[in-house]
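This report refers to the structure that appears directly beneath it.
Predicted model, so just to flag it, every value in this text is computed and none were measured.
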Amino acid sequence: MRVALLQYPIIWADKEANLRMTEERLSALQGKADVALLPEMFTTGFCVQQPQLAESVGDSMTLAFLLRCARDYDLAIAGSFMAKEAANLYNRGFFVRPSGETDFVDKRHLYASGGEAELFTRGEKRVISEYKGVRFCLQICYDLRFPVWVRNATGYDYDILLYSALWPDVRIAAWDLLLPTRSVENQCYVAGVNCVGNDGIGLHYNGHSVAYDTRLHRLVEFEDNEEGTKIADFNMQNLAYFREILPLWKDADRFKIAD
């Protein structure tokens, strides 16, 4: 399973420019990747104070774009965008397949310090997306700090954990630490994509997008502020073998603390 990590700058609040830039990168992946992972809120940046940028799912320029690109370039696409339903705003994750079938998952842990928790509605359910026989669990940025939400309870809930993020450089050490931790905890592959560049509120993003296997080998990594696309080739047979010889999930419930 080939997952492309797309690390690039996002132009603040400019959907048309971001869509053009994203398509340039997606079109280059045709025949080279199965899944493309985009940064969080890839069409706008973290513009949580601009609700007018949110789109209704039934009439969304962003979703129409994603459906077309998934079909034209024959790959699934994951990431998030600003969505609205009635009076509610969501940081909405998507997993769009070439067939047009689409899964949505709303960000569970909203970033209070950035105003997101005040204005947005949090997600209430975890979603597992299956594609080409592989199970994906898409999470969004701040969700990375909360391990219970992604616990791979059966050992086979999902195979690849995807993180779509806008994670500023002042806190990048936590990103670097927590991504491999989630891989170890859940016996899964992990891919995390961040952006690079500056936003409209004074924050800088230095990337550090990365993919790990269950033995903490970095399959791909980016340098500070590096712009580009890199592809992680996840070997699903190796993952199945590792889970078989070291079935951690079987022992997890033996040590529960009594109520």
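Hydrophobic clustering (ILVMFWY, side-chain heavy atoms < 4.5 Å, transitive): F94 and M61 are in one cluster. Under the 4.5 Å side-chain contact rule for hydrophobic residues, W167 and L37 do not share a cluster. In the hydrophobic clustering of ILVMFWY residues, with side-chain heavy atoms under 4.5 Å counting as a link, I160 and V150 come out apart. V3 and F242 fall into different hydrophobic clusters, where Ile, Leu, Val, Met, Phe, Trp and Tyr residues are linked whenever their side-chain heavy atoms come under 4.5 Å apart, directly or through other members. M1 and L219 fall within the same hydrophobic cluster, where Ile, Leu, Val, Met, Phe, Trp and Tyr residues are linked whenever their side-chain heavy atoms come under 4.5 Å apart, directly or through other members.
With hydrogens and angles ignored, the 3.5 Å screen pairs a side-chain donor or acceptor of N152 with a backbone N or O of D157. Panel note: side chain K15, backbone L53; a donor-acceptor pair is recorded below 3.5 Å. Within the 3.5 Å criterion, the main-chain N or O of D213 finds a donor-acceptor partner in the side chain of S183. No donor-acceptor pair under 3.5 Å is formed between the side chain of E55 and the backbone N or O of L63. Between the side chain of Q30 and the main chain of D72, a donor-acceptor pair closer than 3.5 Å is present. Under the 3.5 Å distance criterion, the side-chain polar atoms of Y189 are matched with a main-chain donor or acceptor of N235. Between the side chain of R243 and the main chain of Q187, a donor-acceptor pair closer than 3.5 Å is present. A donor-acceptor pair under 3.5 Å is absent between the side-chain atoms of T44 and the main chain of F42, judged by distance alone. Listed for the E23 side chain is no donor-acceptor partner under 3.5 Å among the backbone atoms of C69. A donor-acceptor pair under 3.5 Å is formed between the side chain of S60 and the backbone N or O of T62.
Judged by the 6.0 Å distance and 45° axis criteria, K107 is not positioned over the aromatic ring of Y142. Annotation: cation-pi geometry not satisfied between R108 and F146 (NZ/CZ under 6.0 angstrom from ring centroid, within 45° of ring axis).
Side-chain contact between R92 and V57 is present, with heavy atoms from C-beta onward closer than 4.5 Å. Side-chain contact check for D106 versus F120: every heavy-atom pair is 4.5 Å or farther apart. In this structure, Y205 and I172 have side chains that are not in contact, with every pair of non-hydrogen atoms separated by 4.5 Å or more. A 4.5 Å side-chain heavy-atom check between V184 and Y212 finds every atom pair outside the cut-off. Between K125 and V127, the closest side-chain pair of non-hydrogen atoms falls below 4.5 Å. Proximity of E226 to V196: side-chain heavy atoms (C-beta onward) are nowhere separated by under 4.5 Å. At least one side-chain heavy atom of L166 sits under 4.5 Å from a side-chain heavy atom of I10. Side-chain contact check for M82 versus L89: every heavy-atom pair is 4.5 Å or farther apart.
Expressed to the nearest 0.5 Å, how far CG of L66 lies from CZ of F81 amounts to 8.0 Å. Rounded to the nearest 0.5 Å, atoms CE (M41) and CZ (F46) are 5.5 Å apart. Distance check: E16 CD to D14 CG gives 6.0 Å after rounding to the nearest 0.5 Å. One finds the OG1 atom of T181 at 10.5 Å from the CG atom of N186 (value rounded to the nearest 0.5 Å). Note that the OG1 atom of T121 and the NZ atom of K84 stand 14.0 Å from one another [nearest 0.5 Å].
A donor and an acceptor atom, one from each side chain of T229 and Y8, are nowhere located under 3.5 Å apart. At a cut-off of 3.5 Å, with distance as the only test, a side-chain donor of H208 or D176 sits close to an acceptor on the other residue. There is no side-chain donor-acceptor pair under 3.5 Å between E101 and Y131.
Under a 4.0 Å N-O distance rule, the pair D143/R126 does not qualify as a salt bridge. In summary, R2 and D34 engage in a salt bridge, as defined by a charged side-chain N under 4.0 Å from a carboxylate O. A salt bridge links E124 to R122: at least one charged side-chain nitrogen sits closer than 4.0 Å to a carboxylate oxygen. Look at E227 and R25 and you find a salt bridge, because one of the NZ, NE, NH1 or NH2 atoms lies within 4.0 Å of a carboxylate O, short of that distance. A salt bridge links D103 and R97; the closest N-O separation between the charged side-chain nitrogens and carboxylate oxygens is under 4.0 Å.
Minimum interatomic distance between I231 and L29 (heavy atoms only, all atoms of both residues): CD1-CD2, 4.0 Å. Of all the heavy atoms in S209 and W175, the pair that sits closest is N-NE1, 4.4 Å. Considering every non-hydrogen atom in both F222 and L5, the closest pair reads CZ-O, 3.6 Å. Of all the heavy atoms in M21 and P9, the pair that sits closest is CE-O, 3.0 Å. In terms of heavy-atom proximity, E40 sits nearest to S80 at CG-OG, 3.4 Å. The two atoms that bring L138 and S164 nearest to each other are CD1-CB, 4.4 Å, heavy atoms only.
Checked options D224, N225, D169; the residue passing with N206 is D224 (criterion: side-chain hydrogen bond (donor to acceptor under 3.5 Å, both in side chains)).
In the displayed structure, E223 atom CD is contacted under 6.0 Å by at most 12 heavy atoms of other residues, nucleotides or ligands. Atom NZ of K32 is surrounded by 12 or fewer heavy atoms from other residues, nucleotides or ligands within 6.0 Å.
The aromatic rings of H109 and W149 sit perpendicular to each other, their planes meeting at more than 60°, with 30° as the lower class boundary. Ring-plane geometry between F136 and F95 is classed as tilted, the angle between the planes lying from 30 to 60 degrees on a 0 to 90 degree scale. Between W249 and Y156, the ring-plane angle classifies as perpendicular under the 30° and 60° cut-offs.
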